[in-house]
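What follows is a single structure, written as structure tokens, with notes after it.
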Amino acid sequence: MNRAWSSLLIFAFASLLVSFPTFAQERTVLSENIYRQVRAQEHLKLTHLFRLFPEESRQMEIVSLSITARGFQGRTQLQVLQNGRVLLGGLFGMQTTELRLPLPPRTMIDDLLLTTRGDLYIETIRAEVRRTYGQHPERIYLRQDLAPYSFLDLGPLRPYENRFVTAITIEAYTRYSPGQLQLTTRWGEVIGSIYVSHSPMRPRIQLMRPLPFRDLQIRSVSSGLIELETLEIEF
């Protein structure tokens, strides 16, 4: 009886493990010796400092950043910019100091620049980064109407989403005549088109190259109202 009960527990535990999605994470530390003077207001892109190829940095999250540097006059401020806005920063004195900056979750290394408010001598930089594989699509419930020849900007749906999108599944239908939707960038580049009918459809659009979530839009190119139900985003 004890053996049978133990076998049952093992089987139940194994079933639970199978039922949850597994996420393979690659976590590593990047390190570079810089040994250079940075002028005030100079902008340095992190991916360039770490000599990353675009294919490497795409979808790469940065967990923390460590900078070893010293100022030339008093206390010199260093700032980390994310898409042009100050994300965080710190101060360096005239003695060489290591500053460690923990980054908010889902911060992409592609989005970050370094700048200073004065001359700074940077010796080394280190970053802890990770990439996640095997993620399931993330669903966004919309349940809203899209007026004729209007668009839905995806960026405001998740203001702090910095990841790159590889595919989108759009669930939509129309109560009137069949219509058409386009997935585009903010600059009007058409990525893909789908047809919408009376029955809810869930076509999937595969992007030719990963694009930032905040740069995508869904546009109606129809004369009738279209009901947007859900989006499934693959990062």
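Along the sequence shown, residues carry numbers from 1.
Taking the side chain as every heavy atom from C-beta outward, L231 and I218 approach each other to under 4.5 Å. The shortest distance between side-chain heavy atoms of F92 and L120 falls below 4.5 Å. Looking at heavy atoms from C-beta onward, I191 lies out of side-chain contact with T184 at the 4.5 angstrom threshold. In this structure, L181 and L228 have side chains that are in contact, with non-hydrogen atoms separated by less than 4.5 Å. Contact check for S223 versus Y149: side-chain heavy atoms found under the 4.5 Å cut-off. Looking at heavy atoms from C-beta onward, L113 lies out of side-chain contact with L46 at the 4.5 angstrom threshold. Contact of the S193 side chain with the I205 side chain is not registered, since no non-hydrogen atoms from C-beta on lie closer than 4.5 Å. With contacts defined as side-chain heavy-atom distances shorter than 4.5 Å, the pair E229/Y173 qualifies.
Checked for salt-bridge contact, E232 and R202 meet the test: a charged N lies under 4.0 Å from a carboxylate O. The pair D111-R214 meets the salt-bridge criterion, with a side-chain N (NZ, NE, NH1 or NH2) lying under 4.0 Å from an Asp/Glu carboxylate O. Salt bridge R106/E61: absent, no basic N to carboxylate O contact under 4.0 Å. With salt bridges taken as basic N to acidic carboxylate O contacts below 4.0 Å, one links E138 and R163.
Using a 4.5 Å cut-off between side-chain heavy atoms of Ile, Leu, Val, Met, Phe, Trp and Tyr, with links allowed through other members, L146 and I168 fall into the same hydrophobic cluster. Follow the hydrophobic side-chain contacts under 4.5 Å out from F213 and you never reach F151; the two are in separate clusters. Follow the hydrophobic side-chain contacts under 4.5 Å out from I122 and you never reach M94; the two are in separate clusters. There is no path of hydrophobic side-chain contacts, each under 4.5 Å, that joins L114 to L81. With hydrophobic clusters built from ILVMFWY side chains whose heavy atoms lie under 4.5 angstrom apart, V38 shares a cluster with L87.
Nearest heavy atom pair, residue E42 against residue L44, reads OE2-CD2, 3.7 Å. Nearest heavy atom pair, residue D119 against residue A40, reads OD1-N, 3.2 Å. Between L88 and P102 the shortest heavy-atom distance is CD2-O, 3.4 Å. Closest approach of I226 and Q180 over heavy atoms only: CD1-O, 3.9 Å. In terms of heavy atoms, A127 sits closest to I62 at CB-CD1, 3.8 Å.
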Step by step, work out the salt bridge (charged side-chain N to carboxylate O under 4.0 Å, His left out) result for E227 and R175.
CA-CA 8 Å; E227 308 282 343; R175 294 192 178 94; 2.4 Å; yes
Between R209 and E189, is a salt bridge (charged side-chain N to carboxylate O under 4.0 Å, His left out) present by the stated rule, with each step listed?
CA-CA 13 Å; R209 67 184 190 281; E189 177 188 356; 3.2 Å; yes
Report the C-alpha separation of Q206 and R204 in whole Å, then their side-chain angles, then the decisive distance to 0.1 Å, and conclude whether the side-chain hydrogen bond (donor to acceptor under 3.5 Å, both in side chains) test is met.
CA-CA 6 Å; Q206 178 71 49; R204 179 176 178 272; 2.8 Å; yes
Dump the intermediate steps for side chain to side chain contact (heavy atoms under 4.5 Å, CB included) on L30 and L52, then the final yes or no.
CA-CA 10 Å; L30 307 176; L52 296 172; 4.1 Å; yes
Let's go through V86 and V80 carefully: what are the C-alpha distance in whole Å and the side-chain angles of both, what is the deciding distance for side chain to side chain contact (heavy atoms under 4.5 Å, CB included) to 0.1 Å, and is it a yes or a no?
CA-CA 6 Å; V86 177; V80 180; over 6 Å; no
Go through E128 and R130 one step at a time and tell me if the salt bridge (charged side-chain N to carboxylate O under 4.0 Å, His left out) criterion holds.
CA-CA 7 Å; E128 184 179 2; R130 68 182 171 207; over 6 Å; no
Please report the C-alpha distance between V129 and I109 in whole Å, then the side-chain angles of each, then the deciding distance to 0.1 Å, and finally whether the side chain to side chain contact (heavy atoms under 4.5 Å, CB included) criterion is met.
CA-CA 8 Å; V129 298; I109 196 169; 4.2 Å; yes
Chi angles and distances behind the side chain to side chain contact (heavy atoms under 4.5 Å, CB included) call for L112, L103
CA-CA 11 Å; L112 301 185; L103 279 301; 4.2 Å; yes
Would R143 and E171 count as a salt bridge (charged side-chain N to carboxylate O under 4.0 Å, His left out) here? Give the steps.
CA-CA 10 Å; R143 297 192 175 98; E171 182 178 359; over 6 Å; no
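The CZ atom of R126 lies 8.5 Å from the OG1 atom of T68; values are rounded to the nearest 0.5 Å. Here the OG1-CD distance, from T115 to Q41, works out to 5.0 Å after rounding to the nearest 0.5 Å. Summarising the geometry, atom CG belonging to L91 is positioned 12.0 Å from atom OG1 belonging to T116; distances are rounded to the nearest 0.5 Å. Separating the CE atom in M60 from the CG atom in D110 is a distance of 9.0 Å, to the nearest 0.5 Å. Atom CD1 of residue I170 and atom CD1 of residue I194 lie 4.0 Å apart, to the nearest 0.5 angstrom. In this structure, CG on L49 lies 4.5 Å from CD1 on I125, to the nearest 0.5 angstrom.
Checking Q77 against R75 by side-chain atom types alone, no donor-acceptor pair falls below 3.5 Å. No hydrogens or angles considered: nothing links the side chains of S150 and S220 as a donor-acceptor pair under 3.5 Å.
When atom types are taken as modelled, the side chain of H198 and the backbone of Y176 share a donor-acceptor pair closer than 3.5 angstrom. A donor-acceptor pair under 3.5 Å is formed between the side chain of T174 and the backbone N or O of L225. S222 places no side-chain N or O within 3.5 Å of a backbone atom of G224 that could act as its donor or acceptor partner.
Residues forming a side-chain hydrogen bond (donor to acceptor under 3.5 Å, both in side chains) with Q217 (at least two apart in sequence, or on another chain): R219.
Enclosure of atom CD in Q144 by more than 12 non-hydrogen atoms of other residues, nucleotides or ligands within 6.0 angstrom is indicated. More than 12 heavy atoms of other residues, nucleotides or ligands lie within 6.0 Å of CZ in R158, so this atom counts as buried by the packing criterion.
Y35 belongs to a hydrophobic cluster whose other members, connected by ILVMFWY side-chain contacts under 4.5 Å either directly or through intermediates, are F72, Y121.
The residue from L216, I233, L142 that alone fulfils the side chain to side chain contact (heavy atoms under 4.5 Å, CB included) condition with L157 is L142.
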